[in-house]
**Student:** 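Quick one: structure below, then a few questions.
Whatever order the structure lists ligands and atoms in, that order sets their numbers, starting from 1. The first residue in the sequence is number 1, and the count goes up from there.
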Amino acid sequence: MIVMKFGGTSVESAAAIERVGGIVQSRRTRRPVVVVSAMGKTTNKLLAIAEAAMKGGRAEYIRQIQDLRDFHSREARQVVPLDHRAELDRTLDEHFQELTELVKGLAVLGELTPRSIDAISSYGERLSSYIVTLAFRHFGMAAEHLDSRRVILTDKRHTQAAPNFPETYRRLAATVPGLARDSVVVMGGFIASAEDGVTTTLGRGGSDFTAAIVGAGIGAEEIQIWTDVDGMLTADPTILSGGHRVKTISFAEAAELAYFGAKVLHPATVVPAIEKNIPVLILNSRRPEVPGTRIVSEHVPSGNAVKSIACKRKIALLNIHSTRMLMAHGFLRRIFEVFDRFETPVDMVATSEVSVSLTIDNLQRLDAIAAELRQFAEVDTETDQVIVCLVGENIRYTPGVARRVFGALDGINIRMISQGASLLNLSLVVAEKDLHRAVVALHEEFFTELDPAVFERNEAVHA
Ligand code: ADP
Ligand code: ASP
Ligand code: MG
């Protein structure tokens with residue numbers, strides 16, 4: 001068995017779903033279990049509907065729900081055979097009526113809880129998985145829909161739920177292999193349920209995580225993440241177009257890149273895959289012939305020190321100065337207690353005798369945190385900062401990386417730098433306005449020469 005996960009753009013339209021059908025069909029003998037995201041930007045739209053309901057604009061959210069229904073209906077009708085149209089319409093009606101009732105109820109209450117956010121955002125994957133199942137049958141494949149909420153069990157941390165692995169693995173192993181014997185199993189990513197059956201979600205981008213959980217639970221030989229890029233690239237394509245494809249990367253490097261902002265993979269994805277040593281592939285559903293990126297458990301030797309550059313945007317930098325002349329003992333503990341109390345993780349830290357600089361990416365409690373810290377320290381906060389993170393297991397074995405970074409970034413104000421904590425990254429903080437220039441300079445410095453065993457050169461970049 002293999003797990004094939006298709007992201008939002010890969011199922012965004014009838015044409016995209018047809019491409020997916022072809023890709024799955026050609027791998028039919030490997031007994032694929034398919035995990036799909038919501039179609040296109042559906043999750044964002046569902047969240048916008050919830051927001052509109054909070055603002056009380058009834059006409060507005062009803063219109064948005066109608067638009068979303070029209071979109072699903074229009075695309076689905078093209079991939080569902082005529083004799084299934086009535087069933088399709090009935091199911092869409094049921095789902096959208098339920099959704100409308102739910103949203104109306106929330107509008108009356110005027111309060112949006114994480115639990116209701118999950119209830120609303122679950123509709124995207126519930127609909128897409130159902131539509132893709134019907135489409136596969138239309139394309140001539142035996143396909144079975146499996147409601148992920150029946151098998152993926154989580155705690156009740158709505159919008160960020162954590163799986164109960166033993167129970168989830170038990171249910172997956174009991175359900176999926178039997179279904180996959182004769183049919184392509186289709187499941188929605190992202191959605192799950194708590195023990196009492198209430199719908200939960202695994203966090204934004206969580207369908208990758210679902211794929212890995214399913215892969216681990218059924219002992220898949222491979223987990224394929226099909227997306228809209230050729231694989232893991234040497235730079236975030238939204239910042240620098242034309243990065244090179246990384247052919248092979250280690251689990252540790254991929255996890256680090258994901259954590260530091262490479263959206264192509266959800267940060268939790270590799271954990272179940274590592275535990276069961278299942279290779280993960282990142283592939284392009286628009287260009288299925290490209291071999292993509294293979295994520296493997298072992299170290300990947302490379303002539304290049306760096307494998308890729310990730311960026312984590314919209315972070316805040318806090319500079320905290322001890323109000324005494326010298327840092328008293330217990331100062332760091334007091335600082336970190338504040339972040340702990342506000343449940344805000346700290347990403348990077350640098351300390352000197354009298355001051356501490358650190359970054360956070362969850363800015364919700366920033367003001368409250370700063371106020372609390374000001375009780376015993378001077379604090380200044382700067383938003384619109386970015387962590388730029390060079391990742392590669394070779395960084396620690398290669399002398400002169402820091403010198404090359406400083407050389408490349410000559411003239412750019414580096415606000416903070418950290419190397420060593422994880423041994424495979426070198427991270428620095430720059431202002432958002434310097435981001436593009438910094439990434440271009442670093443990319444040129446570290447990827448002009450490429451180890452052909454590890455990278456596939458994108459000729460466009462140096463044209
Ligand atoms: P999906 O909907 O398939 O899950 P995502 O949008 O979540 O797709 O992830 C794919 C996107 O990740 C790409 O379109 C790209 O913009 C972004 N991305 C960020 N960093 C990288 C990187 N280093 N390599 C490839 N893609 C990256
Ligand atoms: N649909 C969800 C999201 O947009 C999950 C995913 O696509 O991975 O976040
Ligand atoms: Mg994604």
**Student:** Taking side chain as C-beta onward, heavy atoms only, is Ile395 less than 4.5 Å from Leu390?
**Tutor:**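 Of all side-chain heavy-atom pairs linking Leu390 with Ile395, at least one is under 4.5 Å.
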**Student:** Could you state the interatomic distance from CD1 (Ile295) to CD (Glu222), rounded to the nearest 0.5 Å?
**Tutor:** 11.0 Å
**Student:** Of the listed options (Ala262, Gly231, Ser10), which comes nearest to atom 25 (C) of ligand 1 when hydrogens are ignored and any heavy atom counts?
**Tutor:** Gly231
**Student:** Counting non-hydrogen protein atoms only, what is the nearest one to atom 26 (N) of ligand 1? Give residue, atom name and distance.
**Tutor:**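 The protein heavy atom lying closest is Val264 CB, 3.5 Å.
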**Student:** Atom 6 (O) of ligand 1: which protein heavy atom is closest, and how many Å away?
**Tutor:**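 The protein heavy atom lying closest is Lys263 NZ, 3.0 Å.
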**Student:** Is a side-chain N or O of Thr42 found less than 3.5 angstrom from the main chain of Met39, in a donor-acceptor match?
**Tutor:**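 Yes; at least one donor-acceptor contact below 3.5 Å.
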**Student:** Report yes or no: does Gly7 have a heavy atom closer than 4.0 Å to ligand 2?
**Tutor:** no
**Student:** Hey, does Asp208 come in under 3.5 Å of ligand 1, counting only N/O atoms on both sides?
**Tutor:**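 By distance alone, the answer is no.
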**Student:** Considering heavy atoms of the protein only, find what lies nearest to atom 7 (O) of ligand 2 and give residue, atom and distance to 0.1 Å.
**Tutor:** Ser37 OG, 2.9 Å
**Student:** May I ask you to identify, for Val229, whether its side chain, its backbone, both or neither come under 4.0 Å of ligand 1 on a heavy-atom basis?
**Tutor:** side chain
**Student:** To which protein heavy atom is atom 13 (C) of ligand 1 closest, and what is the distance rounded to 0.1 Å?
**Tutor:** Asp228 OD1, 3.5 Å
**Student:** Any idea which part of Lys5 is under 4.0 Å from ligand 1, heavy-atom wise: side chain, backbone, both or neither?
**Tutor:** side chain
**Student:** Counting heavy atoms only, which of Glu125, Met39, Arg204 is nearest atom 9 (O) of ligand 2?
**Tutor:**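 Checking each option, the heavy atom nearest atom 9 (O) of ligand 2 is found in Arg204.
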**Student:** Measure the distance from atom 16 (O) of ligand 1 to every protein heavy atom, then report the residue, atom name and distance (to 0.1 Å) of the closest one.
**Tutor:**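 Checked against all protein heavy atoms, atom 16 (O) of ligand 1 sits closest to Thr238 CG2, 3.4 Å.
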**Student:** Using only atom types and a distance under 3.5 Å, with no angle test, would you say the side chain of Arg27 pairs donor to acceptor with the backbone of Ile23?
**Tutor:** yes
**Student:** Please confirm whether Lys45 makes a cation-pi placement over Phe71, using NZ or CZ under 6.0 Å from the six-membered ring centre and within 45° of the ring normal.
**Tutor:** yes
**Student:** Verify, without hydrogens or angle tests, whether Asp236 (side chain) and Ile309 (backbone) share a donor-acceptor contact under 3.5 angstrom.
**Tutor:**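 Such a contact is absent between Asp236 side chain and Ile309 backbone.
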**Student:** Regarding Glu393 and Ser250, is there a side-chain donor-to-acceptor distance under 3.5 Å anywhere?
**Tutor:** yes
**Student:** Any heavy-atom pair between the side chains of Gln25 and Phe136 that's under 4.5 Å?
**Tutor:** no
**Student:** Would one find an N or O of Leu233, backbone or side chain, under 3.5 Å from an N or O of ligand 1?
**Tutor:** yes
**Student:** List the closest protein heavy-atom neighbour of atom 6 (C) of ligand 2: residue, atom name, distance to the nearest 0.1 Å.
**Tutor:**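 Atom 6 (C) of ligand 2 sits closest to the protein heavy atom Ser207 OG, 3.3 Å.
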**Student:** Report yes if some N/O of Thr227 lies less than 3.5 Å from some N/O of ligand 1; otherwise report no.
**Tutor:**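 For ligand 1, there is an N or O atom that lies under 3.5 Å from one belonging to Thr227.
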**Student:** With no hydrogens and no angle check, is any side-chain donor or acceptor of Thr234 less than 3.5 Å from a backbone partner on His244?
**Tutor:**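 Here the side-chain-to-backbone pair exists.
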**Student:** How about Phe447 and Phe455: are their ring centroids closer than 6.0 Å?
**Tutor:**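 Distance test on ring centres: under 6.0 Å, yes.
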**Student:** Judging by distance only, is a nitrogen or oxygen of Gly205 under 3.5 angstrom from one on ligand 2?
**Tutor:**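 Yes; at least one N/O pair falls below 3.5 Å.
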**Student:** Around atom 15 (C) of ligand 1, find the nearest protein heavy atom and jot down its residue, atom name and distance.
**Tutor:**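 Looking only at protein heavy atoms, the one closest to atom 15 (C) of ligand 1 is Pro237 CG, 3.5 Å.
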**Student:** Under 3.5 Å, is there a donor-acceptor pair between the side chain of Thr398 and the main chain of Asn394?
**Tutor:**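 The answer is yes, because a donor-acceptor pair under 3.5 Å joins these two groups.
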**Student:** When you measure from atom 2 (O) of ligand 1 to every protein heavy atom, which one gives the shortest distance, and what is it?
**Tutor:**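 Result: Gly8 N, 3.2 Å.
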